[in-house]
**Student:** 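This is the structure, below, for whatever I ask next.
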2 protein chains.
Amino acid sequence: MLQAREEAIIQTVNRLLADKGFDAMTVDEVAADVGIAKASLYKHFPSKEDLAAAAMVSVMRRAQAFLDGLPAQDSPQDKLRAVVAWTMGLKLAGEMPSLPSQNSSLRATLMAHKDYMDGLMDVSDRLGAWIEAAQANGALNAKLPAIAVLYTLFARACDPVLEFLKIGGQHSDEEIIALVLSTCFDGLSARA
Amino acid sequence: MLQAREEAIIQTVNRLLADKGFDAMTVDEVAADVGIAKASLYKHFPSKEDLAAAAMVSVMRRAQAFLDGLPAQDSPQDKLRAVVAWTMGLKLAGEMPSLPSQNSSLRATLMAHKDYMDGLMDVSDRLGAWIEAAQANGALNAKLPAIAVLYTLFARACDPVLEFLKIGGQHSDEEIIALVLSTCFDGLSARA
DNA sequence: GTCTATAGGAGGATAGAC
DNA sequence: GTCTATCCTCCTATAGAC
């Protein structure tokens, strides 16, 4: 019951964060959408920052579940592509919370949030291992620092190119994902 | 005199926008940094949105000047690489204003701002022509829609990978630019 | 735990004197 | 055009009854 209500809150926060971003989202709005009073909301979560953190934890758990479900026989590079495609699908579906990359109070709350940091570390470690494996087997460019590759993959979760192409209306979500996957892994330059 | 003061204002706004973004920047702060009263600021610019628009126009003019200065004998693809490198250098130097991609009032002001829109159109047209030329001569992947390539290049101006690598402290600005240029044009996958 | 009501403060914008 | 002082709205957060 309490669990279910908090789930509903998190889902609303998640959608609003994807829609308008952290700054534009108001707590009044969250409460109204969930259908409870603002004061009740604050009984569940102590601050707006914690609301956002809870949404991020939720997304992180979904990501971990997706990683768990990837076929073990897939190559590391295929797994990486699949994760990026999944992330972009989430964003195009309006389910990827967008946080300001520069916000002191929010960053502090996130970094203090054990569940979030643990999830982030776990995902980073697993992706990092696949990146190094893919570099070792010659699929990924071994001259790139693995951390730069990891950041480049993570960055697809907040890539404005996706929304611009979606606004353009010339392509389906699947086409957009394929397009950006191509620019990400194959680059803009022609391949021999 | 008036011109010089407005230049100083724009420069301050530009730096603050690069530092903290539009939402976190306060008009009080701008006034304090410039060294005038807030009311005086509002004699020069009618709203916070117009402050940001002025900063964007300023950056757009710098971009146009950079395009003008590119050697005519350079290939289209070399010009494109140079523009992207210049953009990323601006960002790493803390001189690239960062605006929320989702903000109704700001977007409306920007779209209504003739100087900004004219500059944006001019830059887009010139880059677009180079993109199509580079696709025609086989340097860029001709299967990608030109508009997607253009967005991908523009997106380097707000790429969080740059700041993450800078925070990491393992690379100089030049190395970071080279690295991201490589992931952008050559992709993450190994080349034959 | 839910509500109504309100505190408290930040920040965009303006009044009016000089 | 610059200042001081102030308005006013919005928003986070809390008090206190039930």
Side-chain angles (χ1 to χ4, degrees), chain A residues 1-17 19-56 97-100 102-110 112-113, chain B residues 1-17 19-56 97-100 102-110 112-113:
Chain A
M1 181 61 61
L2 179 144
Q3 193 97 11
R5 170 136 294 178
E6 298 200 341
E7 278 302 322
I9 294 173
I10 290 174
Q11 197 172 343
T12 295
V13 169
N14 199 78
R15 188 171 37 76
L16 287 174
L17 282 181
D19 241 36
K20 348 179 36 168
F22 181 77
D23 290 314
M25 176 186 84
T26 70
V27 178
D28 291 85
E29 195 174 15
V30 176
D33 271 34
V34 176
I36 61 175
K38 182 162 55 168
S40 308
L41 201 55
Y42 275 97
K43 299 284 183 182
H44 291 279
F45 299 91
S47 75
K48 184 184 178 184
E49 281 76 15
D50 284 281
L51 280 175
M56 291 305 293
S98 97
L99 307 182
Q102 323 141 314
N103 183 317
S104 47
S105 79
L106 181 53
R107 282 190 88 79
T109 302
L110 276 179
H113 217 292
Chain B
M1 182 61 60
L2 179 142
Q3 193 96 12
R5 169 135 296 178
E6 299 201 341
E7 278 301 322
I9 293 172
I10 290 174
Q11 197 171 342
T12 294
V13 170
N14 200 78
R15 186 170 39 76
L16 286 174
L17 282 181
D19 243 34
K20 348 182 30 168
F22 181 76
D23 290 314
M25 177 186 82
T26 70
V27 179
D28 293 83
E29 195 175 17
V30 175
D33 270 34
V34 175
I36 62 177
K38 182 162 58 165
S40 307
L41 200 55
Y42 275 97
K43 299 286 182 181
H44 291 279
F45 299 91
S47 76
K48 183 185 179 184
E49 280 77 15
D50 284 281
L51 280 175
M56 290 306 292
S98 97
L99 307 182
Q102 324 142 312
N103 182 317
S104 47
S105 79
L106 181 54
R107 282 190 87 81
T109 302
L110 276 179
H113 217 291

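The structure presented is a predicted model; accordingly, all values stated were derived computationally and were not measured. Here is the naming used below: chain letters follow the sequence lines, and residue numbers restart at 1 for every chain.
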**Student:** Which residues satisfy the salt bridge (charged side-chain N to carboxylate O under 4.0 Å, His left out) test with Lys38(B), sequence neighbours excluded?
**Tutor:**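 For Lys38(B) the salt bridge (charged side-chain N to carboxylate O under 4.0 Å, His left out) partners, ignoring immediate neighbours, are Asp28(B).
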**Student:** Once salt bridge (charged side-chain N to carboxylate O under 4.0 Å, His left out) is applied, what residue pairs with a partner in residues 41-50 of chain A remain, sequence neighbours excluded?
**Tutor:**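 Output for this query is empty, none listed.
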**Student:** Measure from CG on Leu106(A) to P on dC11(D) and round the result to the nearest Å.
**Tutor:**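 After rounding, the gap between these two atoms is 18 Å.
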**Student:** Measure the distance from NZ on Lys48(A) to C1' on dG8(C) and round it to the nearest whole Å.
**Tutor:**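 That distance rounds to 17 Å.
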**Student:** Using atom CG of Leu51(A) as one end and atom P of dC11(D) as the other, report the distance to the nearest whole Å.
**Tutor:**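 Taking CG of Leu51(A) and P of dC11(D), I get 15 Å after rounding.
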**Student:** Which residues pass the salt bridge (charged side-chain N to carboxylate O under 4.0 Å, His left out) test with Asp33(B), not counting sequence neighbours?
**Tutor:**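 Once residues adjacent in sequence are excluded, the partners of Asp33(B) under the salt bridge (charged side-chain N to carboxylate O under 4.0 Å, His left out) criterion are Arg15(B).
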**Student:** Taking all atoms of both residues into account, what is the closest heavy-atom pair of Ala31(B) and Ala37(B), and its distance?
**Tutor:**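 Where Ala31(B) meets Ala37(B) most closely, the heavy atoms are CB-C, 4.0 Å.
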**Student:** When the distance from NZ of Lys20(B) to C1' of dA10(C) is rounded to whole Å, what number comes out?
**Tutor:**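 It works out to 13 Å between those atoms.
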**Student:** How many whole angstroms separate atom CG of Asp28(A) from atom P of dA7(C)?
**Tutor:**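 It is 17 Å, rounded to the nearest whole Å.
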**Student:** If I take atom CD in residue Glu49(A) and atom P in nucleotide dC11(D), what distance separates them, rounded to the nearest angstrom?
**Tutor:**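 Those two atoms, CD and P, are 15 Å apart.
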**Student:** Starting at atom CZ of Phe45(B), determine the distance to atom P of dT14(C), rounded to an integer number of angstrom.
**Tutor:**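 Roughly 16 Å, once rounded to whole Å.
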**Student:** If you restrict it to nitrogen or oxygen atoms, what contacts under 3.5 Å exist between nucleotides 2-6 of chain C and the protein, and what is each distance?
**Tutor:**
residue	atom	partner	partner atom	Å
dT2(C)	OP1	Arg5(A)	NH1	2.9
dT2(C)	OP2	His44(A)	NE2	2.9
dC3(C)	OP2	Ala37(A)	N	2.4
dC3(C)	OP2	Ser40(A)	OG	2.7

**Student:** Over how many whole Å does the gap from Asn103(A) atom CG to dT12(D) atom C1' extend?
**Tutor:**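 The distance from CG of Asn103(A) to C1' of dT12(D) comes to 14 Å, rounded to the nearest Å.
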**Student:** Hey, could you give me each pair passing side-chain hydrogen bond (donor to acceptor under 3.5 Å, both in side chains) that has a residue in residues 3-14 of chain B? Not counting sequence neighbours.
**Tutor:**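 Listed once each, the pairs are Glu6(B)-His44(B).
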**Student:** Is there a side-chain contact between Tyr42(A) and the phosphate of dT14(D), meaning an N or O under 4.0 Å from OP1 or OP2?
**Tutor:**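 Looking at the OP1 and OP2 atoms of dT14(D), neither is under 4.0 Å from any side-chain N or O of Tyr42(A).
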**Student:** By side-chain contact (heavy atoms from CB on, under 4.5 Å), which residues pair with Asp23(A), not counting sequence neighbours?
**Tutor:**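 Scan of Asp23(A) (side-chain contact (heavy atoms from CB on, under 4.5 Å), adjacent residues dropped) gives Pro100(A), Asn103(A), Asp23(B).
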**Student:** Nearest heavy atom decides the nucleotide; on that basis, is Ala24(A) or Pro46(A) closer to the 5' end of DNA chain D?
**Tutor:**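 Mapping each residue to its closest nucleotide by heavy atoms, the 5'-most match is Ala24(A).
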